Amino acid sequence: MQSLASRGIGVHMASFNPFAPAFGSRFCKERLISPRYQDKTDYNKFFLEQVRKTHYDLLLPCDDVSVIYLSEEKERFDSYVRLVLPDHKTVLSVAYKDNLARFAKAHEIPIPKTFCPEGISEYEGLSRELEGEVVVVKGVRGAGARQIRYAQRGEIEQAAWDILKSGLLHNPRLPVLQEYVPGVNRTAYLLCDHGKILAFVGFQHLRTYPIT
């Protein structure tokens, strides 16, 4: 918001959380309270109504749930506002970690060794094919403390159950099982147009929760 506002662009922000920190920013020109993610129909309807009644130049979904929801209705939104998103099929191929792992394997893109179990009872057996004392259990959607566990042998099934407790919205399928790669945690964000890099930023995580 600050970057856009510094260029003279008015920014309206929407969130289902009335206490969203960005609502307190002086760069937020208007605050919109959206429905919660759990009802996709109401969520998309809310944004369609907003872009119909207000002339917005651009709609920017800023998290994986809104990216998935809005990309599914992209053709309807395109009549009223620019929505910079790939098609829904492409979004689904990368928004879910099991889909992304299969895509990477099919295209020979190196990633940590990854399994997509079809039942809870498979975790411990598959973990024996991974090196090291610790393995990574990741929910197929989302990130952060709720969707990732670092587990030792004998703890892996419980780690999967713990992740599933965060609900079906982020866990329509079982978590993936992945080898643990030690090292510094770095992230890169890229904006691309069919493979051409338009903008990028890279950073190193100095503090995270959980600390592991």
Side-chain angles (χ1 to χ4, degrees), residues 61-69 71-72 84-212:
C62 295
D63 61 82
D64 61 328
V65 178
S66 56
V67 165
I68 291 170
Y69 285 1
S71 67
E72 191 171 6
V84 185
L85 281 177
D87 62 87
H88 188 58
K89 182 179 179 181
T90 301
V91 167
L92 292 182
S93 72
V94 296
Y96 291 85
K97 294 180 178 65
D98 51 352
N99 290 345
L100 181 59
R102 293 186 185 102
F103 178 90
K105 184 176 181 180
H107 292 81
E108 299 182 345
I109 299 170
I111 63 170
K113 193 171 184 179
T114 304
F115 295 107
C116 303
E118 296 182 0
I120 290 290
S121 61
E122 295 181 13
Y123 282 89
E124 290 293 346
L126 289 172
S127 72
R128 298 188 189 101
E129 299 184 38
L130 302 176
E131 296 182 6
E133 296 298 318
V134 175
V135 297
V136 183
V137 185
K138 289 180 181 176
V140 293
R141 275 259 306 283
R146 293 182 180 179
Q147 291 300 108
I148 189 168
R149 296 290 187 279
Y150 303 98
Q152 294 181 334
R153 305 300 192 279
E155 303 173 345
I156 301 170
E157 288 186 13
Q158 185 58 50
W161 282 120
D162 288 345
I163 289 173
L164 292 172
K165 289 177 184 176
S166 63
L168 288 174
L169 182 65
H170 289 293
N171 299 288
R173 296 182 292 279
L174 289 174
V176 300
L177 181 66
Q178 202 168 55
E179 71 172 315
Y180 174 75
V181 180
V184 176
N185 187 358
R186 295 191 176 99
T187 294
Y189 289 142
L190 295 89
L191 177 65
C192 302
D193 181 8
H194 296 88
K196 180 183 178 183
I197 298 176
L198 305 179
F200 69 91
V201 60
F203 57 91
Q204 180 173 316
H205 298 257
L206 299 181
R207 285 175 292 276
T208 59
Y209 177 83
I211 196 169
T212 51

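Sequential numbering from 1 along the given sequence is applied to the chain's residues. These values consider heavy atoms only, across backbone and side chains, with no hydrogens, waters or symmetry-generated copies. Worth saying up front: this structure is predicted, and the values here are computed from it rather than measured.
- Side chain of N99 to backbone of L92: a donor-acceptor contact under 3.5 angstrom is found.
- A distance of 9.0 Å separates CD1 in I68 from CG in D63, rounded to the nearest 0.5 Å.
- In terms of the side-chain contact (heavy atoms from CB on, under 4.5 Å) criterion, H194 has no residue partners (sequence neighbours excluded).
- Residues in residues 115-124 take part in no salt bridge (Lys or Arg N to Asp or Glu O under 4.0 Å) pair, two or more places apart or across chains.
- Between the side chain of K113 and the backbone N or O of E129, at least one donor-acceptor pair lies under 3.5 Å.
- A donor-acceptor pair is defined here as one N or O able to donate and one able to accept, closer than 3.5 Å; no such pair exists between the side chain of R149 and the backbone of I163.
- Ring-centre distance between Y123 and F115: not below the 6.0 Å cut-off.
- F103 places none of its side-chain heavy atoms less than 4.5 Å from the side chain of V94.
- No donor-acceptor distance shorter than 3.5 angstrom exists from the side chain of D193 to the backbone of K196, with no hydrogens or angles considered.
- Side-chain N or O atoms of Q147 include one that pairs as donor or acceptor with a backbone N or O of R141 at under 3.5 Å.
- In this structure, CD in Q158 is found 9.5 Å from CD1 in I120, a value given to the nearest 0.5 Å.
- A pairwise comparison of heavy atoms in I156 and Q152 identifies CG1-O, 3.5 Å as the closest pair.
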